[in-house]
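Working notes, beginning with the structure itself.
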Amino acid sequence: MNYNQKLFSLANLINNLRNYFFLKLRFKSFGDIKPSLTLVGVGPGDPSLITIAAIKAIRKATVIAYPVSQLGGKSMAAEIAGDWIKGKRTMPLVFPMTLDGDSLDQHWKIASEKLSNAIQTGENVVFISQGDPSLYSTCCYVLIYLKSHYPECTLKIIPGVNSFSAAAAAGQWPLSLQKEALFVSPVPEEPKDFENLLDESLRKGLVLVLLKLGFRWEWVRPILEKKGLLDKTLFVKKVGFFDQEISKAENVSKDSKPYFSLLIVRPHWPSIK
Ligand SMILES: C[C@@]1(CC(=O)O)C2=NC(=C\c3[nH]c(c(CCC(=O)O)c3CC(=O)O)Cc3[nH]c(c(CC(=O)O)c3CCC(=O)O)/C=C3\N/C(=C\2)[C@@H](CCC(=O)O)[C@]3(C)CC(=O)O)/[C@H]1CCC(=O)O
Ligand SMILES: C[S@@+](CC[C@H](N)C(=O)[O-])C[C@H]1O[C@@H](n2cnc3c(N)ncnc32)[C@H](O)[C@@H]1O
């Protein structure tokens, strides 16, 4: 190897080393803003229940997605996280509030594809979800779709305070104690199924958390009364919002209630001497 060749190899070596460290540094900083989707729970209503982890994820995001029932519609999640998403690029995703399987399927797919496109173009997307994302949430369908169709997609979930934990706290009711089981479910569709559930709850000392109450309250109330459970049931409407209502079911009028209401039925109470 003559002098010139040695000089050339040395220059090459230096160049390669420089590239290596440059890429390593770039990769490291790229790692912090790696395109990804994070499903973020923003809690049931009161913005002070949003977690620090949720705020950090929102701050880092380049796009904030949220569910709406129709284009231009309002989003509870966006309302709750309003102070933190201000000025951010947003992506409303339509999820029609229906139980029609085909329509739901189609919209879950459209929303998931939109999110996947955004991630593939380098966006760091946060999908905010009311309450906790793992509990009766549209974003779980997105999660299932993306995991199966885009397994390489980086996904994260940040839990949120769920509605019934916030309701129990607001009403100062214990959820479950000692060997009690906690049963979480939507209010059954049929009055007969609701009666059977109450009988089981009375027999086994099961504590019930019943979501998606809304208009069903009109027939739910008389059944609670018949079973002698009105004074053992907590009614909670829109906890954390300015128009929240937290009261024993016996004090709640018979008329229909908003969708964002729930019940906690505790048939047995421990007595402490
Ligand atoms: C929490 C939230 C989004 C989330 O977090 O994902 C969500 N619903 C929200 C709002 C909302 N829902 C309803 C109203 C009208 C209230 C009124 O008119 O008074 C409003 C308010 C509004 O639209 O403004 C009523 C409603 N919703 C559904 C039905 C059909 C049914 O249940 O029969 C009915 C009518 C029957 C009834 O009244 O009972 C169905 C669904 N609702 C779901 C989620 C999915 C549950 C997934 C699961 O359970 O697995 C599912 C299946 C849709 C899906 O998955 O695509 C979101 C807040 C988003 C936000 O604003 O941030
Ligand atoms: C589709 S589920 C969503 C649950 C939500 N992901 C959570 O973590 O609580 C909607 C149901 O949750 C309950 N819910 C949600 N937010 C509520 C609130 N702020 N006050 C009372 N009930 C609420 C209602 O029963 C409503 O019908």
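Whatever order the structure lists ligands and atoms in, that order sets their numbers, starting from 1. Below, each value reflects all heavy atoms present in this structure, side chains not excepted, and no hydrogens, waters or symmetry copies.
Counted by atom type alone, N124 and T62 present zero donor-acceptor pairs between their side chains at under 3.5 Å. Judged purely by distance below 3.5 Å, without hydrogens or angles, the side chains of E113 and Y150 pair a donor atom with an acceptor atom.
Listed by number with element, the atoms of ligand 2 under 4.0 angstrom from any heavy atom of K212 are 1 (C), 24 (C), 25 (O), 26 (C), 27 (O). Against a heavy-atom cut-off of under 4.0 Å, Y136 is close to the following atoms of ligand 2: 1 (C), 2 (S), 3 (C). Near D132, meaning under 4.0 Å from one of its heavy atoms, ligand 2 places the atoms 6 (N), 7 (C), 8 (O). Listed by number with element, the atoms of ligand 2 under 4.0 angstrom from any heavy atom of G131 are 7 (C), 8 (O).
In terms of polar-atom proximity, V236 is not counted as a contact of ligand 2, lacking any N or O under 3.5 Å from an N or O of the ligand. Annotation: S137 places no N or O atom under 3.5 Å from an N or O atom of ligand 2; distance criterion only. Taking any N or O of L262, backbone or side chain, none lies under 3.5 Å from an N or O belonging to ligand 2. An N or O contact shorter than 3.5 Å is missing between K237 and ligand 2 by distance. Polar contact check, S261 against ligand 2: a nitrogen or oxygen pair lies under 3.5 Å apart.
Between R216 and E189 there is a salt bridge, with a side-chain nitrogen of the basic residue lying less than 4.0 Å from a carboxylate oxygen of the acidic one. Look at R89 and E123 and you find a salt bridge, because one of the NZ, NE, NH1 or NH2 atoms lies within 4.0 Å of a carboxylate O, short of that distance.
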**OP:** Begin with the C-alpha distance, continue with both residues' side-chain angles, and end with the deciding distance and a verdict on salt bridge (Lys or Arg N to Asp or Glu O under 4.0 Å) for K257 and E245.
**Re:** CA-CA 11 Å; K257 299 296 168 204; E245 195 181 329; 5.0 Å; no
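For H149, the ring pair (Phe, Tyr, Trp, His ring centres under 6.0 Å) partners are Y145, not counting sequence neighbours.
Residue Q130 touches ligand 2 through backbone and side chain together, judged by heavy-atom distances below 4.0 Å.
At a 4.0 Å cut-off, not a single heavy atom of G45 sits close enough to ligand 2 to count as contact.
Side chain of W217 to backbone of S253: a donor-acceptor contact under 3.5 angstrom is found.
Nearest to atom 20 (N) of ligand 2 by heavy atom, out of L263, V187, L135, V239, is V239.
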Please list, one pair per line, the donor and acceptor atoms closer than 3.5 Å that link side chains of residues 229-238 to other protein atoms, with sequence neighbours excluded.
{"residue": "T233", "atom": "OG1", "partner": "L229", "partner atom": "O", "Å": "2.8"}
{"residue": "K238", "atom": "NZ", "partner": "D243", "partner atom": "OD2", "Å": "3.4"}

